[in-house]
Q: 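My structure is below; once you've seen it, I'll send some questions.
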Amino acid sequence: MTITATLMAGMMLLNSCGSRHFWKGLRLSDKERYTEAAANLHRALAKWPNDTMSYRLLGQTQFHLMDFAAAERTYEELGFRTALNADDQLNYAKCMMQQGKYAEAADVLEWLMMDDDAPEYVRRVWDRCASQLHVDEDERRWQVSPLHLPGLETASAPRISKNRLYFCSEPYQWSRADQAARLDRNETWFIDLGNNSPHVMRAKEVTAMDLPDHDGIISLSPDGRSIAYSKKNNRSVGWFGDPIEGGYQLLIASRTATGEWGEPNPFPFVEKGYVFAHPTWSPDGNRLYFATDLPSPEAQGGMDLWVSERNGTFWEEPLNLGPEVNSAGEDIFPAFDNNGRLYFASNGHPTLGGLDIFWTEIDPTAKPETRHWRDGDAWKTPVRMAFPINSLADDYAFAIESDGAHSFICSNRGGFDEIFRVEQSDDVARFNVVAKDYATGESLPRVPIRWIDLKDGSAWDTRTSLDGKLSIDLPPDRGFQVTCALPGYLVTRKFITTDATEPVWEVELAKIKTLNDKRFADRWMGGTPFEIAGLEWESDANMTRASEVNLYYLVDFLKLNPEVFLEIRTHENASTWDLFDQPTNRKSKLRSIEIESFLLKAGVSSKQLISVGKGIDELRNGCLPGTPCALYNHEDNDRTEFRIYGLLQQTPGQIDPVPFMKSDK
């Protein structure tokens, strides 16, 4: 038998084995024996790794097994092979929704909703997904500016009581702050507030308070006679004499006849080893609200808000504020305004990023007789404060003045916790964005657009609607660095000022394969850098599968233009380096080599490629080692740039079957 005949026989046997496993998996699936069906389909894919029918049936089988994570990965792989039909997309989205990934599910469903004749069931799934992403937003508009306090390295956790602003401070320690409950600030200061609080406080206006030894935020009772605060437990004795180890204990101290603080008493019901923090008195002083991670049948997860009512000299058993207020995440820093609204910070409700500030109030229409006593008060659905109070960073500790128009917040949008002065203002700049595909001119739905305020570092992630449009209100007289990064497209950046006479930006996003259009590729010749959106890494030197799929478009471009030379220049951020470290370019070099190796394996000539790892030598912003910066500013430096040189040879539409109709620019 010849070698050719032997190979043909081997391939027929291989195909026969794969076919047998597929048909067996199909029969088992029809009999609802899904576990056995999935095992056979995995065997079929081991023989036929590109068989889309096996992937589709495997995804359906895993969905029936309620293994939604595995089904998601299967449908994702089917999508990489451009073989997702409408039913596949729907199942793909439902797998994500079952895991709470509603934003990712919306990205899949959006293409089904672009069709005016979308089936009713698809619309119902979309509505359910959109309802999970929706949150009522406060309609008030604010302007935010940093509050400078000369002589203090940090300031955080503002509180207002009797026309005084109280806040915490401590010597700044790089990367050692407690990022959960912010219980590492152990000095409390105050400022007397005037009718118009200035943005810069003179050092002599800031006064240190003589308080019992404490950790984190403090709360004065409305009459000023009592103080509630947290204190870290090394080893102590609880209310009933039980030993307490670890965690943070809640303590209450009262003034003596001489005006000094008396011996503090531990708050009852404190459990050893858990955090009890952020105490807040109700406006009438009869209730104490606080946050704790104490496990309980009523707890929703993470840190929850609880309330205890004072009965003479005793405290009633605390009640959880319930699922209307508390979430599966962290719900912390409660505070009240003069109207009885409860403000708090949460990262469990839909946020702009990190901790966001919400407010709620007791529902006066709820009938107490319909609620169990352990349900406590009926609270309305929380309302999220708008940008720029909330941002991509952690924003918390909302403290509002008595006039309701001025307030303070704490945020780490500058890289560390600092207090910001907030003033209500109806002076906003309306800005409109229209996103279209460069080649086809069609509207692009749900395009991710990031806005970074160059004045105070505030950042906001937005998306266009299904019609490719976005209309937002921004603070006036500001400059923003705006980035559009839609996976599969080239990244587009633009500097925008909110005092523009025509506040409209028509952005045209180009797919990676648009480089095959000579008229478009000409603009990048000569070394003008461009970036590919969605180029992500699982580790220091391992690309995600989606990143590899996007790079195949570069492979086509380079094969079509053998005289083109591509430089791969990777950068990293300085977040892991301290002030006195000696940074290296190890990670960026590994990543550039990984991309170069991938292109070589895909058939690109080694003469067309060079990889360079620049480390932190070419930072896009001022986030140097040891310099506090927000995470999203560090992420802006962590990038891969491509530069092309040489002679283009392709003609428009040579690879893409749809001819390019874009005119020259």
Side-chain angles (χ1 to χ4, degrees), residues 42 45 49 67-81 95-96 99-101 103-104 107 174-175 179 353-354 392 415 448 450 461 483 485-491 512 529-555 566-578 581-602 604 606 609-621 623-626 629-642:
H42 278 298
L45 286 171
D67 189 354
F68 300 115
E72 178 191 350
R73 292 191 296 269
T74 300
Y75 282 117
E76 181 183 33
E77 194 65 34
L78 191 61
F80 292 149
R81 289 162 170 76
C95 290
M96 294 179 179
Q99 301 174 76
K101 301 178 179 180
E104 294 86 345
D107 290 339
W174 173 250
S175 75
Q179 295 300 319
L392 284 179
R450 173 168 292 183
D461 276 347
T483 304
L486 183 63
Y489 288 74
L490 301 186
V491 176
I512 305 169
F530 64 89
E531 299 172 55
I532 294 176
L535 189 57
E536 299 175 345
W537 300 86
E538 294 178 344
S539 61
D540 283 356
N542 291 319
M543 284 186 294
T544 63
R545 180 77 172 90
S547 300
E548 294 177 348
V549 172
N550 285 331
L551 286 179
Y552 278 116
Y553 294 114
L554 270 184
V555 172
L566 178 72
E567 177 189 298
I568 306 161
R569 184 178 298 194
T570 55
H571 308 263
E572 55 190 283
N573 66 67
S575 61
T576 58
W577 303 107
D578 208 339
D581 288 337
Q582 294 295 324
T584 68
N585 65 345
R586 177 181 176 277
K587 184 171 75 171
S588 58
K589 185 62 178 177
L590 287 174
R591 289 183 172 182
S592 65
I593 292 174
E594 174 69 12
I595 295 175
E596 182 182 22
S597 299
F598 176 84
L599 296 176
L600 290 172
K601 291 177 182 178
V604 177
S606 60
L609 301 173
I610 185 172
S611 60
V612 180
K614 299 297 293 184
I616 61 171
D617 293 340
E618 297 178 357
L619 296 177
R620 182 172 278 154
N621 50 46
C623 295
L624 298 168
C629 271
L631 179 61
Y632 46 80
N633 283 323
H634 280 303
E635 290 175 349
D636 203 27
N637 291 320
D638 205 352
R639 65 197 189 277
T640 298
E641 297 174 338
F642 299 93

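Both backbone and side-chain heavy atoms feed into the values below; hydrogens, waters and symmetry mates do not. This chain uses plain numbering: 1 for the first residue, then up along the sequence.
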Q: Considering all heavy atoms of both residues, which atom of Ala533 and which atom of Leu486 are nearest to each other, and what is their separation?
A: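 Ala533 and Leu486 have their closest heavy atoms at CB-O, 3.3 Å.
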
Q: Does any non-hydrogen side-chain atom of Leu392 lie less than 4.5 Å from one of Arg450?
A: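 A side-chain contact under 4.5 Å exists here.
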
Q: Taking all heavy atoms of Pro625 and all of Ala574, pick out the closest pair and write down the distance.
A: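 So the minimum-distance heavy-atom pair works out to N-CB, 3.7 Å.
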
Q: Do NZ/NE/NH1/NH2 and the carboxylate oxygens of Glu76 and Lys101 come within less than 4.0 Å?
A: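 Lys101 and Glu76: not salt-bridged.
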
Q: Which pair of non-hydrogen atoms, one from Asn621 and one from Asp636, has the smallest distance, and what is that distance?
A: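 So the two residues come closest at ND2-CB, 4.0 Å.
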
Q: If you compare all heavy atoms of Phe68 against all heavy atoms of Gln99, which two are closest, and at what distance to 0.1 Å?
A: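 Looking at all heavy atoms of both residues, the shortest contact is O-NE2, 3.4 Å.
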
Q: Taking C-beta and beyond as the side chain, do Leu600 and Ser606 meet within less than 4.5 Å on heavy atoms?
A: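 Yes. Closest side-chain heavy atoms under 4.5 Å.
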
Q: Measure from the side-chain N and O atoms of Glu572 to the backbone N and O of Ser588, and report whether any donor-acceptor pair falls under 3.5 Å.
A: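 Here the side-chain-to-backbone pair exists.
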
Q: Do Lys587 and Asp540 have side chains that approach each other closer than 4.5 Å (heavy atoms only, starting at C-beta)?
A: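 The answer is yes; the side chains approach within 4.5 Å.
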
Q: Counting N and O atoms only, with roles assigned by atom type, does the side chain of Asn585 sit under 3.5 Å from a partner on the main chain of Lys614, one being a donor and the other an acceptor?
A: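 No, Asn585 side chain to Lys614 backbone: no donor-acceptor pair under 3.5 Å.
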
Q: With heavy-atom distances below 4.5 Å as the criterion, would you say the side chains of Asn550 and Leu535 are in contact?
A: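 SC-SC contact between Asn550 and Leu535 ruled out.
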
Q: Passes side chain to side chain contact (heavy atoms under 4.5 Å, CB included), Leu624 versus Leu619? Steps please.
A: CA-CA 8 Å; Leu624 298 168; Leu619 296 177; 3.7 Å; yes

Q: Would you mind checking if Arg73 and Glu77 are paired as a salt bridge, meaning a charged N to carboxylate O distance below 4.0 Å?
A: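 Between Arg73 and Glu77 there is no salt bridge, as every charged N stays at least 4.0 Å from the carboxylate O atoms.
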
Q: Do Met543 and Leu551 have side chains that get closer than 4.5 Å, going by heavy atoms?
A: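 Result yes, sub-4.5 Å side-chain heavy-atom pair found.
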
Q: For the pair Asn633 (side chain) and Cys623 (backbone), establish whether a donor and an acceptor sit closer than 3.5 Å, ignoring hydrogens and angles.
A: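 Side chain of Asn633 to backbone of Cys623: no pair is present.
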
Q: Considering only NZ, NE, NH1 and NH2 on the basic side and carboxylate oxygens on the acidic side, decide whether Asp617 and Arg569 come within less than 4.0 Å.
A: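 Salt bridge between Asp617 and Arg569, a charged N being under 4.0 Å from a carboxylate O: no.
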
Q: What I want to find out is whether Glu548 reaches Lys601 closely enough, with some N-O distance under 4.0 Å, to be called a salt bridge.
A: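 Lys601 and Glu548: not salt-bridged.
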
Q: Would a 4.5 Å heavy-atom cut-off, applied to side chains only, mark Lys589 and Thr584 as touching?
A: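 Result no, sub-4.5 Å side-chain heavy-atom pair not found.
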
Q: How far apart are the closest heavy atoms of Glu618 and Arg639, and which atoms are they?
A: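 Closest pair (atom of Glu618, atom of Arg639, distance): O-NH2, 2.8 Å.
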
Q: Provide the closest heavy-atom pair for Ser592 versus Ile568 in the form atom of the first, atom of the second, distance.
A: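 In terms of heavy atoms, the two residues are closest at CB-O, 4.1 Å.
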
Q: Going through the distances and angles, do Asn573 and Ile616 end up as a side chain to side chain contact (heavy atoms under 4.5 Å, CB included)?
A: CA-CA 6 Å; Asn573 66 67; Ile616 61 171; 5.9 Å; no

Q: Using a cut-off of 6.0 Å, state whether more than 12 heavy atoms not belonging to Arg586 lie near its atom CZ.
A: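 Atom CZ in Arg586 is not packed in, count stays at 12 or less.
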
Q: If the condition is ring-ring contact (aromatic ring centres under 6.0 Å, His included), which residues does Tyr632 pass it with, not counting sequence neighbours?
A: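 For Tyr632, no residue satisfies ring-ring contact (aromatic ring centres under 6.0 Å, His included) once neighbours in sequence are set aside.
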
Q: Please examine the side chains of Phe642 and Ile595, heavy atoms only from C-beta on, and report whether any two atoms are closer than 4.5 Å.
A: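 When only atoms from C-beta onward are counted, Phe642 and Ile595 do touch, with a gap below 4.5 Å.
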
Q: Decide side chain to side chain contact (heavy atoms under 4.5 Å, CB included) for Val604 and Leu566; before the verdict, give the C-alpha distance in whole Å, the side-chain angles of both, and the deciding distance to 0.1 Å.
A: CA-CA 10 Å; Val604 177; Leu566 178 72; over 6 Å; no

Q: How long is the span from the CG atom in Asn542 to the CG atom in Leu590, to the nearest 0.5 Å?
A: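 One gets 10.0 Å once the value is rounded to the nearest 0.5 Å.
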
Q: Identify, with sequence neighbours excluded, every residue that meets side chain to side chain donor-acceptor pair (under 3.5 Å) alongside Thr74.
A: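 Applying side chain to side chain donor-acceptor pair (under 3.5 Å) to Thr74 gives Gln62.
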
Q: Would you compute the distance between atom CD of Glu641 and atom CD1 of Ile532 and round it to the nearest 0.5 angstrom?
A: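 Glu641 CD to Ile532 CD1: 12.0 Å, rounded to 0.5 Å.
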
